[in-house]
There are 2 protein chains.
Amino acid sequence: MAAKLTDPDTPAGRGGAAAVLPAARRGAGAKSLDRRRVLGAAVVLIDEQGLRQLTMRNLGAYLGVDAMALYRYVPGRENLLDGIVESVIDELYGDPDVHMSAESENWQEYLRRLAHGVRRIALAHPQVFPLVATRPPAAPWVRPPLRSLRWMESFLDTLLRHGFSDVGAVASYRAFSSFLLGHLLLEVSALGVDTGPVEEVDPDQPRTRDLSSYPHLQRLEPALSEDHAAVEFDESLENLLTRLAEYASA
Amino acid sequence: MAAKLTDPDTPAGRGGAAAVLPAARRGAGAKSLDRRRVLGAAVVLIDEQGLRQLTMRNLGAYLGVDAMALYRYVPGRENLLDGIVESVIDELYGDPDVHMSAESENWQEYLRRLAHGVRRIALAHPQVFPLVATRPPAAPWVRPPLRSLRWMESFLDTLLRHGFSDVGAVASYRAFSSFLLGHLLLEVSALGVDTGPVEEVDPDQPRTRDLSSYPHLQRLEPALSEDHAAVEFDESLENLLTRLAEYASA
DNA sequence: ACCTGAACACCGTTCAAGT
DNA sequence: ACCTGAACACCGTTCAAGT
């Protein structure tokens, strides 16, 4: 009764469906469905075919089942999308590099590992990340992309234990979220995500835009096209950590 | 011939449809359609009813016309969405506070005015901004939310004229984009955007989540709910400007 | 208990037909 | 020249029916 609605951070939401329905996996083994398998298949389908190809009917076919059968495990498409976001963020819990840092070392190392863990998820699922970025959060003060009550609690706890004030820890959560969201959404979108179905290009049309009216763009296009995402991420992160250090002493 | 495809930054794309079809507005006046009117109505419809309500059929009805009539001005829904993003960003050109700063004062003031101009647009169209943030850009090196070749050129020109190196100006464009995207997407999503159709809430269910397992969240929820978006935006912006100043001397 | 088929109310889009 | 109607191939979702 404590876990109302479908709380993403409740144990049953973290792949605990098998615990609630222990008989579901017996017999035919991988054949029978459960919510976790449906969400996992949805993530794979998005990774392989893009967000637009995720329809109830396609997902059903992908699982070898009628589309309508999915409604037994997922109340509807909106809930499916929320579940996808949740299940992707949940991968953080399985990341040993992030997990080990929770109660160790200094807070800077914790934030570094956490940031890189989220970045690995974004790069592993570039087609899913826009969903992580833009789905309305469960509460208005939960900010993408770290949209998990459990990680928020861990974040605040770590900073508070290292001498951050209440307002400092809260301000740090906000700044950390902005940093991650801006950098990762741009990095992922530069990968050319979800440009729609097949985007047939007319080979007669010149492939490059006409930049003749923009001399700087023309000259700097090679520089603009270079990929420095990794080092920019690290440099921006270090700058952020320096800024946040002010809250640690206050 | 120079303006291939539908270049958003070509004069014809910036509300120049009336110049191409000067006869379109005669006679019945506001009655007859053109592309600019269709895009403008689409923005108003999204602002009023949310992104999900923007369908070809709804937009047609909103304009007092059959849905299929829209295809005379808009090649399809994807192009409509691109046009919406373009027309919203174009509002920057009409912002005197931004426009006057292009060749005046110092580069810091230019970036401040530009940033606040984009922020005003985001807050004026919170339901449209996720589209600005996530639509695939025209070229991979064009970064949301400042996704206009003309503004990119203006941005680079201003910084280069103030002594920035080439790589410094390019790095500044990237950092500026990340900053804007992260802050504005979070600010806009905190406004509770596009939670779907009407989101009927069961009044019997408790409205607040169960935070009993998260003591810090429970204690800090009031602090987390406070809105400091404006000052955080300004402080982050000033910090960014300080960082970018390194490129000015190099 | 779990899945299926038929059906409903929507979509985007094409195309011949109206005026 | 501009708009409309009918039609097609899809959606999400409900519900009675199958096994």
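- Between A/Arg57 atom CZ and C/dC3 atom P the separation is 18 Å, expressed in whole Å.
- Rounded to whole Å, atom P of D/dA6 lies 10 Å from atom CG of B/Asp66.
- Across all strands shown, D/dT19 forms a Watson-Crick or G-U wobble pair with C/dA1, both key distances being under 3.5 Å.
- In this structure, B/Arg35 places its CZ atom 18 Å from C1' of D/dC2, rounding to the nearest Å.
- B/Leu33 has its CG atom 17 Å from the P atom of D/dA1, to the nearest Å.
- Remark: D/dA6 base-pairs with C/dT14. Criterion, Watson-Crick or G-U wobble with two distances under 3.5 Å.
- Proximity note for B/Val65 (side chain, C-beta onward) versus D/dT4, C/dT4, C/dG12: the nearest is D/dT4.
- Taking the charged nitrogens against the carboxylate oxygens, B/Glu187 and A/Arg174 have no contact shorter than 4.0 Å, which rules out a salt bridge.
- Using cut-offs of 30° and 60° for the angle between ring planes, the B/Phe179 and B/Phe233 rings count as tilted.
- Separating the CG atom of B/Asn79 from the C1' atom of C/dT13 is a distance of 14 Å, rounded to the nearest angstrom.
- Look at CG on B/Leu59: it is 12 Å from P on C/dC11, rounded to the nearest Å.
- Minimum atom distance to the side chain of A/Met68 is reached by C/dG5, of the listed D/dG12, C/dG5, C/dT13.
- Minimum atom distance to the side chain of B/Tyr73 is reached by D/dC3, of the listed C/dG12, C/dG5, D/dC3.
- Between A/Tyr173 and A/Phe155, the ring planes are perpendicular. Angles over 60° get that label, and only those under 30° would be called parallel.
- Residue A/Arg72 contributes atom CZ, which lies 12 Å from atom C1' of D/dC15 at whole-angstrom precision.
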Step-by-step side-chain contact (heavy atoms from CB on, under 4.5 Å) determination, B/Leu63 to B/Leu70: CA-CA 9 Å; B/Leu63 285 162; B/Leu70 300 174; 3.9 Å; yes
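- Residue contacts shown for B/Arg77 are limited to sugar-phosphate atoms, with no base heavy atom under 4.0 Å away.
- Judged by distance alone, with hydrogens and angles left aside, the side-chain atoms of A/Arg147 form a donor-acceptor pair with the main-chain N or O of A/Val132 at under 3.5 Å.
- Remark: P of C/dT4 and OH of A/Tyr71 are 15 Å apart, rounded to the nearest angstrom.
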